[in-house]
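Notes follow once the structure below has been shown.
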Amino acid sequence: MAQDCIFCRIAAGEIPSAKVYESETVLAFLDIAPVNAGHALVLPKAHYETLWDLPAELGEDLLRAVKSVADAVKVETGAQGLNLMQNNYEAAGQLVPHVHFHLIPRFDDDGLKLWPQKPYGDEAEMRQLAERIAARAK
Ligand code: AMP
Ligand code: ZN
């Protein structure tokens, strides 16, 4: 446990939370400042900072929790859709450096827009970048 980490302190029961799911390895609770009511956070109980720090063995527990909590949030809020988000590092908007997945219930009329998009300079630029990423990702 990281003493100065708010999510570790929630997992240890030192700080209260609106808990919605718990297993041996995973915890979920409602975000204190929701995008929409029912916005939940799913996280490993153990402290890992980002996606890349997570051991692959935790993947199954996390995905099971994400799917289960997502279904419950969707049904109980009457949402028509749901966004799954996960921020890594400050540049991507990560405020709490304990890896977590945002489950955000969405409604046809909630007025939220996804991020703005932009085109590549040309198709060759996109293809070259795809080749470099593919070579590294395998
Ligand atoms: P991120 O920007 O991805 O690191 O998200 C951190 C999220 O944690 C934010 O959406 C906060 O509203 C939420 N948060 C911070 N402190 C608490 C807390 N004590 N209980 C519940 N949610 C929290
Ligand atoms: Zn932590």
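All residue numbers in this chain count up from 1 along the given sequence. Please read these numbers as outputs of a predicted model, since none were measured by experiment. As the structure lists them, so they are numbered: ligands from 1, and atoms in each ligand from 1.
Counting protein heavy atoms only, atom 4 (O) of ligand 1 is closest to Leu95 N, 2.7 Å. Given atom 7 (C) of ligand 1, the protein heavy atom at minimum distance is Asp31 OD2, 3.5 Å. Of the protein's heavy atoms, Ile32 N, 3.1 Å lies nearest to atom 22 (N) of ligand 1.
Checked by atom type, the side-chain pair Asp71/Ser68 shows no donor-acceptor distance below 3.5 Å.
Between Asn87 and ligand 1, at least one N/O pair is under 3.5 Å apart. For the pair Ile10 and ligand 1, the shortest N or O to N or O distance does not fall below 3.5 Å.
In His47, the N, O or S atom that comes nearest to the Zn ion (ligand 2) is ND1.
Residue Ile6 approaches ligand 1 through these ligand atoms, each under 4.0 Å from one of its heavy atoms: 19 (N). Of all atoms in ligand 1, numbered sequentially from 1 with element shown, those under 4.0 Å from a heavy atom of Gly93 are 1 (P), 2 (O). Counting atoms of ligand 1 from 1 in the listed order, those under 4.0 Å from a heavy atom of Phe29 are 21 (C). Those atoms of ligand 1 with a heavy atom of Ala33 less than 4.0 angstrom away are 12 (O). Remark: ligand 1 atoms within the under-4.0 Å shell around heavy atoms of Phe7 are 8 (O). Atoms of ligand 1 found under 4.0 Å from any heavy atom of Leu30 (numbered from 1 in listed order, with element): 21 (C).
Although no hydrogens or angles enter the test, the distance criterion places no donor-acceptor pair under 3.5 Å between the side chain of Lys45 and the main chain of Glu22. Remark: side-chain polar atoms of His100 are not paired, donor with acceptor, to backbone N or O of Asn87 under 3.5 angstrom. Side-chain N or O atoms of Glu76 include none that pairs as donor or acceptor with a backbone N or O of Gly38 at under 3.5 Å. Formation of a donor-acceptor pair under 3.5 Å by the Asn88 side chain with backbone atoms of Leu51 is found in this model.
Val35 and Phe101 fall into different hydrophobic clusters, where Ile, Leu, Val, Met, Phe, Trp and Tyr residues are linked whenever their side-chain heavy atoms come under 4.5 Å apart, directly or through other members.
In this structure, His102 and His39 have tilted ring planes: the angle between them lies in the 30° to 60° band.
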_Show, in sequence, the C-alpha distance, side-chain angles and deciding distance for Arg64 and Glu60, and conclude whether the salt bridge (charged side-chain N to carboxylate O under 4.0 Å, His left out) test is met._
CA-CA 6 Å; Arg64 184 181 300 118; Glu60 197 178 326; 3.2 Å; yes

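Taking 4.0 Å as the cut-off, Met85 does not count as a neighbour of ligand 1 on heavy-atom distance. Between Ser17 and ligand 1 there is no heavy-atom distance shorter than 4.0 Å. Residue-ligand proximity: His100 is placed with a non-hydrogen atom under 4.0 Å from ligand 1. The shell of residues lying under 4.0 angstrom from ligand 1, judged by heavy atoms, includes Leu41.
Contact check for Val99 versus Gln86: side-chain heavy atoms found under the 4.5 Å cut-off.
The angle Cys5:SG - the Zn ion (ligand 2) - His98:ND1 amounts to 110°, with values rounded to 10 degrees.
Aromatic rings of Tyr48 and Phe7 (six-membered ring for Trp) have centroids beyond the 6.0 Å cut-off, not under it.
More than 12 heavy-atom neighbours from other residues, nucleotides or ligands sit within 6.0 angstrom of CD on Glu125.
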